[in-house]
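Structure record follows, encoded as structure tokens.
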Amino acid sequence: METTAWLVLAFPLAGAILIGLLAQHVPAKLTGYLGTLAIGGAFVSAVLTFLSLQGREEEARQVVFVGWDYARSVGVDAQISILVDPLSVLMILVVSGVSTLIHLYSVAYMESDQGYARFFAYLNFFVFSMLLLVLAGNFMLLIVGWAFVGAASYLLISFWYRRTTATKAGIKAFVINVVGDVGLVLGTYFIFKHTGTLDFLGTFDSVERDFEGSTGDLTAGCLLLLVGAFAKSAQIPLHTWLPDAMEGPTPVSALIHAATMVTAGVYLIARMHPLFEQAPAAADTGAIIGAVTLLVAGTIAIVVTDLKRVIAYSTMSQIGYMIMGVSAGAYVAGLFHLMTHAFFKALLFMAAGSVIAAMGGRQDLDSMGGFRKAMPYTFACFCIGGLALAAVPPFSGFFSKDEILLDLGAEGGWHWVLYVAGYVGSLLTAVYTFRLIFRAFFNDPVPEAQELMDGHLHHPAEAANPATGETEDTDVGFPGADHHIAEQSPFMRVAMGILALGAIVGGFIQIPKVTHGLESFLDPTFARSEIEVEPSDGLIYFGLVLGAVLGLLGIAIAYRIWVQKPGTSAAIQARLSVLHKLFSNKWYFDELIELVVVRPLSWFGRFGQQTFERIFVNGALVGGTTGLVRAGSAAVRAVQSGYLRSYAALLLGGLAVVGFYFLLQA
Amino acid sequence: MNGRKLEGPAIDFAGLSPLLALLGGAVVVLMVGLLRGRAAREHGVPALSFATLAASLGLTIWQLDSSEELVAGALAIDGLGTVLNILFVSAGMATVLLSWRALAPRESAHGEFHALLLTSIAGMVVLAWSTNLVTVFLGLELLSIPLYVLCATEMRRATSLESGLKYLIVGSLGSAVFLYGLALIYGATGSTDFAGIAEANSAVGLSSDPLMLTGIALSVVGLGFKASVAPFHQWTPDVYEGAPTPVTAFMAVATKAAAFGIFLRLFDVALIDSATAWAPALAALATVTIIAGNVGALGQSSLKRMLAYSSVAQAGYMLAGVVVTSGLGVRATVFYLAVYLVMNLAAFAVIIARERETSLGDDLAAVEGIGATRPVLAWPMTIAMLSLAGIPATGGFIGKFFLIDATVDGGYAWLGFVIVIGSMISLAYYLRVIAAIWMRDAPAVAQSTPVPAGPRPALAGGSPEGDAGPGSVALGAESPPAQAGAVVYGGEPGGGKAHWEVALVAVLCAALTVAAGVVPQPLFDLVQRCGDAFTNLV
């Protein structure tokens, strides 16, 4: 098991390095296969790890493997160690599994891009970082993985680096992620200060004893960890980077901004649950933010008209469910939703990529329609993903979302508010999901769809940035000329097909009162959790029925507005213009951050640059020190005359000074 | 005590074996060097020399766990001794490889060159093992005198001869001062034995005795000279620059290790009770050293000269580990010595390789653009520079971290700040090398003679003023660029020869530098052994 667990990390790292080194020397196509193979190897290793973990006694299913000690002195126990337990194994299975399929999809999708090898090197590096994040056995490696993931995300969002909107989005994502990194590091400091160990299990073992009488520090530490989690998982108010991150290539959106990286926050809270259980204030904050995010994101998703951004907001909203769940103690349910969401959201993005390809790179919903007949395979996949997202039984999302809300309802107390918010969000989800499907696939075919039905792929006359309309060439740094495969490649079909299967059956692993696969698998990790709920039968059945009804109701509403009576939507917009404005401006979060954070800081920065920097720093500090150093350098060189007699003189002079000093002591 | 001496001391030959191997090897090498066959001299001698060092290394590792007196209170083997021994011998092995096809042994005869090298290493071993003022001085001279000669082995180059002579004169002055100091300490305490000195010091309370204090002052200066502590460092740039580069590499790393070994032993064992008197003085000297070394290195265009000043600065860092008089300080110093060894050897190996490949000598221009043309050399140099500057993921970072931790722990936090400020200044000249490697194109005329052989300055090291272009390079004391016909051997500078063993040393040392930064634990474990000699420290 030790070997396979390390191999999980070794394969993607080797892949990234190998592709980076070979890129210049081998045909580009090969790098794609190499990258896919490397991640496939990681997945196989993950499965083997899973099998050998299951072969162990239940008590022995939390194992730390130490590669080597990085530095075990001066009070720090920094080790290169990984923690293999059901939680990390679940994560590596999901991450490496979904990643393999997305690599496969990318082999076809990115085929005409000039930066093909670079793309796979980045993508492999991302997978390595993500696996490092989830396998880390101590805070140090967690932070390393956390920061690597942010860096990989930056590289991939800005992959088309000559496109201004993409580089700006990359920078925004990176800056907000660094805010999260700082939170994570400071949080670690607060915790480390009391426990004196970086090791996870060591920290958890003694958390009650270490923080006796200083719960304030623990709460502060957990809140800072939450800042890290919110930034990675795009929770309010650190969410604004995620919709912009859709500037990256679609496989990147599918992998990083749907299935893996953005769920890191959920993983973090689940991993740190022994700490959060001792710091209820922090846990409650997480749950409330999760609930607010899921509602706010749901409302925005209803009005946004960019295909990928709708899915991005839906991701935010679904992660809101997970954060709410794990913060409120519904660990298994939260991770269950994480898993099913990885399947159906990656599927939705892949299908969206197919549609965007058919549209010649444009993502605007307003100019789409009628793709049902043109792309039946994509349509089927989109519907499966949509039904799972809208939580219609028996698709996977239905069971996982139901599980979260069920646990919240059973906990009672003020968690009822979260329960209600969850169901309201559920209705919103169904509406925006099927708004997407109805607008893109139903009604009359647009010219692009017609062209595809005639057996020809649409190509725009000249390549342009769909966001700004600026013309672009097809050289490296921009999307390639033939970026338009539109479901025709077998690789894409295979990847989408497997995920569709997962989106359908993934929920059966954990059905109330029937199966408990995930719960019993994850039990060793959460065995010592103090939160124990036993929902009543009534609540179970009520929840199942309510969930199914709300899902179907949402679809019906969407059908009524966007298919039966086109134009209803405009009427509603006119009547509720205030709300529509609020939603379509994304609740003015960008503006709020601009006003509260960016403007004061940039004013302060300008002041610092113009006044402080120019006069004090440049003039006195830098000028003064460099002058001093220069003068010192000149003095040292002047003394270095090359004459032996002067050397001897200085030696004796120095001796005199030293001797005099010592004699003063007498 | 006198009665026992008559019986003759009990000698532990097993413990002494690493030293005996070196001395025996030196004799054999000297003899083989007399053979007529060219192959025997040019390849047999270095091979034998290497084998001797390897044998000594093996014997050291065999004796790794022993901790006992070897020769009646004169020498003792312990953790510090064996660890330093490993450093000396490794540096020696690298030096043998670097000088295998170098000019210096050819000019001075191979047998002599290697015999001197081995003797010098034997002197270091004696120094590191000595527990007695007499053996300290014996070891010091045994290591110094062969080095004076080694510096002058490129006999047809004036700067080499000059560096040897300078080193001899200033070195003799330093030795004299040191000897005077030892004599006064003996006079004050009545004992030449370290344990005896410590005992007398604590029993009688000599901490304010003028005789004792003068003795300490003189030995501080004498040792400071050997370790190139400012203001007794001035020989360093001139000698480093003038000496044949393999010898410079050896001096830079091995002599420093030996000097700090005895610094630790003398001050942290014998004179520990006078710490209140000498610690502030050493701290002040460390500060002066760090500043003088770092600002002196700025603007040097000769790489060897730059590394000479850098070695002065590094001596200041390590002196901080002595100042704090703690077990942590000892370990930090030894750890840094080990890291310092590999990173400096990597840098010097690259300089040697470029000296042989181009006619630019050790000028910064010699490494310009090698990132594109010679990545095998560019990477080790880059790693060495980053490590010397203390960038994370290199051994230099961990070493500095360890030293700073020791200063803070020992109540000398301000000295830690000085180390940090010194490192900041040092980036200016280390990064300049990296920029030259990666960001400039190779000079187009790298193979031709860049400066006419004009009248040579009277003295080496005269006014190495800044980076003011090639003119000042010619004025500075850099090695003369292959005056055509003056030297007819195959390995002369500018011969365009790429020698694999030099690249091997560079790559190996760079790899070790990175390893020490990524997996430092084995080195920590090794260094941990040094503590047993310092029972009186916390």
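Residue numbers start from 1 in every chain, and the chains themselves are labelled A, B, ... in the order their sequence lines are given, proteins ahead of strands.
- If you measure heavy-atom distances from A:V639 to chain B, the contacts under 4.5 Å come from both the backbone and the side chain.
- Residues A:Y154 and A:N177 have side chains that never bring a donor and an acceptor to within less than 3.5 angstrom of each other.
- Side-chain contact between B:L271 and B:W278 is present, with at least one heavy-atom pair separated by less than 4.5 Å.
- Among B:G222, B:P280, B:P522, the residue making the largest number of heavy-atom pairs under 4.5 Å with chain A is B:P280.
- Annotation: side chain of A:N124 is not in contact with side chain of A:F128 (no heavy-atom distance under 4.5 Å).
- Proximity to chain A involves both the backbone and the side chain of B:V295, based on heavy atoms less than 4.5 angstrom apart.
- Looking at heavy atoms from C-beta onward, A:Y647 lies out of side-chain contact with B:L173 at the 4.5 angstrom threshold.
- Inter-residue side-chain proximity for A:V182 and A:V179 is flagged as unmet; no heavy-atom pair is nearer than 4.5 Å.
- Neither the backbone nor the side chain of A:T626 comes within contact range of chain B, judged by heavy atoms closer than 4.5 Å.
- In this structure the side chain of A:F148 never reaches within 4.5 angstrom of the side chain of A:F126, judged on heavy atoms.
- Contacts of B:I398 with chain A are made by side-chain atoms alone, with heavy-atom separations under 4.5 Å and no backbone atom involved.
- If you measure heavy-atom distances from B:S274 to chain A, you find no contacts under 4.5 Å at all.
- Neither the backbone nor the side chain of B:V288 comes within less than 4.5 Å of any heavy atom in chain A.
- When the candidates A:V629, A:L655, A:L652 are compared by the number of heavy-atom contacts under 4.5 Å with chain B, A:L655 comes out ahead.
- Results of the ring-ring contact (aromatic ring centres under 6.0 Å, His included) test with A:F139 over A:F192, A:W146, A:F200, A:F190 single out A:F200 as the only residue that passes.
- The candidate from B:V519, B:V170, B:T214 with the greatest count of non-hydrogen atom pairs under 4.5 Å with chain A is B:V519.
- When each of B:P520, B:A406, B:G296 is scored by its heavy-atom pairs under 4.5 Å with chain A, the top score falls to B:P520.
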